[in-house]
Amino acid sequence: MLSVKPPPEQAPGGLPPRLTRVNEPRGKIGIVGIGYVGLPLAVAFAEAGEDVVCVDSDTAKVEALAAGRSYIEDIPDAVLAPLAERLHPTLEYAELASCEAVVVCVPTPLTNSREPDLAFLLGAAESIAANLRAGQLVVLESTTYPGTTRERLVPILEQSGMTAGADFHVAFSPERIDPGRTDYTVRTTPKIVGGVNAASAERAEALYGRICDEVVVVSTPESAELAKLLENIFRSVNIALVNELSQLCDRLGIDVWEVIDAAATKPFGFMRFEPGPGMGGHCLPVDPFYLAFKAREADFYPEFVELAGKVNQTQPAFCVERVERALNDAGKPVRGSKVLLLGASYKAGIGDTRESPALKIVRMLRERGGEVSYHDPHVAELAALELRSAELEPALAGADLVAIVTAHPEVDYRAVIDSAALVLDFRGVTRGIDADNLIRL
Ligand code: SAJ
């Protein structure tokens, strides 16, 4: 737990004392970007008794939050209702002037040429700088490459004429929001902080100590930035390994699921990852490119990391090849065949379709003349593909092939197998079931 330090001495001339102590006067907490990272954080601070200024450039989000309506699947309206007094959604950055700390949770996507796109971050930094007050702490939570906080954010904030680490404080603290996860929360997930100096780290430690059971202080923002990338790239590399293994097992005629189940019986030294139709979401497919970008600046080529990205990118095509072969074995070409995809979101239990492999599979099957539909209890429509989620029973009956792309827990897969002509399971959710019309990845 955090140590409480004695109150600071007064600096000469009545100005707020230069920042050397953690327990600065308590003002509001500012959150910039109230999306899937910012909103859970705002809720955590409000539940801890803080007044939270929630800034976003999306009028719809600000209006929804002002009306107590959530737009994040993991945060039901009932959670927001008791916090209405404490959450202050606004489009106005000027309201951050009353905050003791400002936490930045804006998107850090990729450009079309798969380079880091810091536009949202740099834009937010400009607006924060224009309203920056002495004594404030600014924390960046958006996932990014090491050096962003010190090399990109600080110079913009210092346009205020103040000095980072002296007149105001800056730290990086990676978000660890895992959509759909319930066993860990913002409070119970250890929070890493790295300050531009020791005083900034102390401030950030004190801030998160109000909402997190454990705060882990690292020596620099760069270490914190890279730790986040490592966490996610560790997953993308291991997912690539088992995806590649699934392609090899297909060649060798070995059941990849049996292999992984067997390996996972080892009580030490092995961590289970599962092959599938590919890797989606807004983090794992993106983060390796942030690392590679920074590495190239240092004339370093992280081939391992980039290779994992390439392997995961090939998995949707491998799944389409499996559909082609399964239909062919049933004497049907893809052209004109009705293919129903079960699950469109990028992973089970959520409705997020960003970078979902299902989108690529729909496009590739359509290119081959397939008539593709989907059913997903979490995704009502795929507007870009002009598709709406089909009613399950009639869709199962009418399909030549049903492919399980995302295995939502609320679907009865035994019933799917009983009522479909042919089922191809890309997620291994039918393990333990043997049926003539069932094929697994
Ligand atoms: N996937 C597999 N096989 C596996 C595990 C995942 O194919 O064994 C696929 C999933 O189906 C999905 C993709 O990978 O398409 C990513 O899913 P995920 O659950 O691994 O990751 P995210 O993107 O939903 O969330 C990750 C989490 N990172 C870690 O657990 C280290 C989350 O905690 C982060 O906060 C989040 O990234 C983020 O925002 O960075």
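In listed order, ligands and their atoms are each counted from 1.
- In this structure, Phe234 has no heavy atom closer than 4.0 Å to ligand 1.
- Here Phe426 has no heavy atoms under 4.0 Å from ligand 1, in either its backbone or its side chain.
- Under a cutoff of 6.0 Å and an axis angle of 45°, Arg354 and Tyr36 form a cation-pi pair.
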Trace of the side chain to side chain donor-acceptor pair (under 3.5 Å) decision for His378 with Glu410: CA-CA 10 Å; His378 295 260; Glu410 55 267 56; 2.7 Å; yes
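- Every atom of ligand 1 with a heavy atom of Arg176 under 4.0 Å away is listed here by number and element: 33 (O), 35 (O).
- Around OH of Tyr301, the count of heavy atoms belonging to other residues, nucleotides or ligands within 6.0 Å exceeds 12.
- Atoms CZ and CD1, from Arg440 and Ile404 in turn, are 9.5 Å apart once rounded to the nearest 0.5 Å.
- Contact annotation for Lys228 and ligand 1: only side-chain heavy atoms (C-beta onward) come within less than 4.0 Å of the ligand.
- Summarising the contacts of atom 38 (C) of ligand 1 with Ser246, Cys283, Ala407, the nearest heavy atom is found in Cys283.
- The distance from ligand 1 to the heavy atoms of Glu231 drops below 4.0 Å at these ligand atoms: 31 (C).
- Nearest non-hydrogen protein atom to atom 28 (N) of ligand 1 is Asn232 OD1, 2.8 Å.
- Scanning the protein for heavy atoms near atom 2 (C) of ligand 1, the closest one is Glu274 O, 3.5 Å.
- Of the protein's non-hydrogen atoms, the one nearest atom 21 (O) of ligand 1 is Leu284 CD1, 3.8 Å.
- Distance from atom 6 (C) of ligand 1 to its nearest protein heavy atom, with residue and atom name: Ile239 CD1, 3.5 Å.
- In Glu355, neither the side chain nor the backbone holds a heavy atom less than 4.0 Å from any atom of ligand 1.
- The protein non-hydrogen atom at the shortest distance from atom 19 (O) of ligand 1 is Lys347 NZ, 2.8 Å.
- The aromatic rings of Tyr208 and Phe45 sit tilted relative to each other, their planes meeting at an angle between 30° and 60°.
- A salt bridge is defined here as a Lys NZ or Arg NE, NH1 or NH2 lying under 4.0 Å from an Asp or Glu carboxylate O, and Arg431 with Asp425 fails to meet this definition.
- Atom 34 (C) of ligand 1 has as its closest protein heavy atom Ile177 O, 3.4 Å.
- Each of the following atoms of ligand 1 lies closer than 4.0 Å to a heavy atom of Glu175: 35 (O), 38 (C), 39 (O), 40 (O).
- Inclusion of Gly280 in the set of residues having an N or O under 3.5 Å from an N or O of ligand 1 is warranted.
- When only non-hydrogen protein atoms are considered, atom 10 (C) of ligand 1 lies nearest to Tyr346 O, 3.9 Å.
- The pair Lys191-Asp213 does not meet the salt-bridge criterion, since no charged nitrogen lies less than 4.0 angstrom from a carboxylate oxygen.
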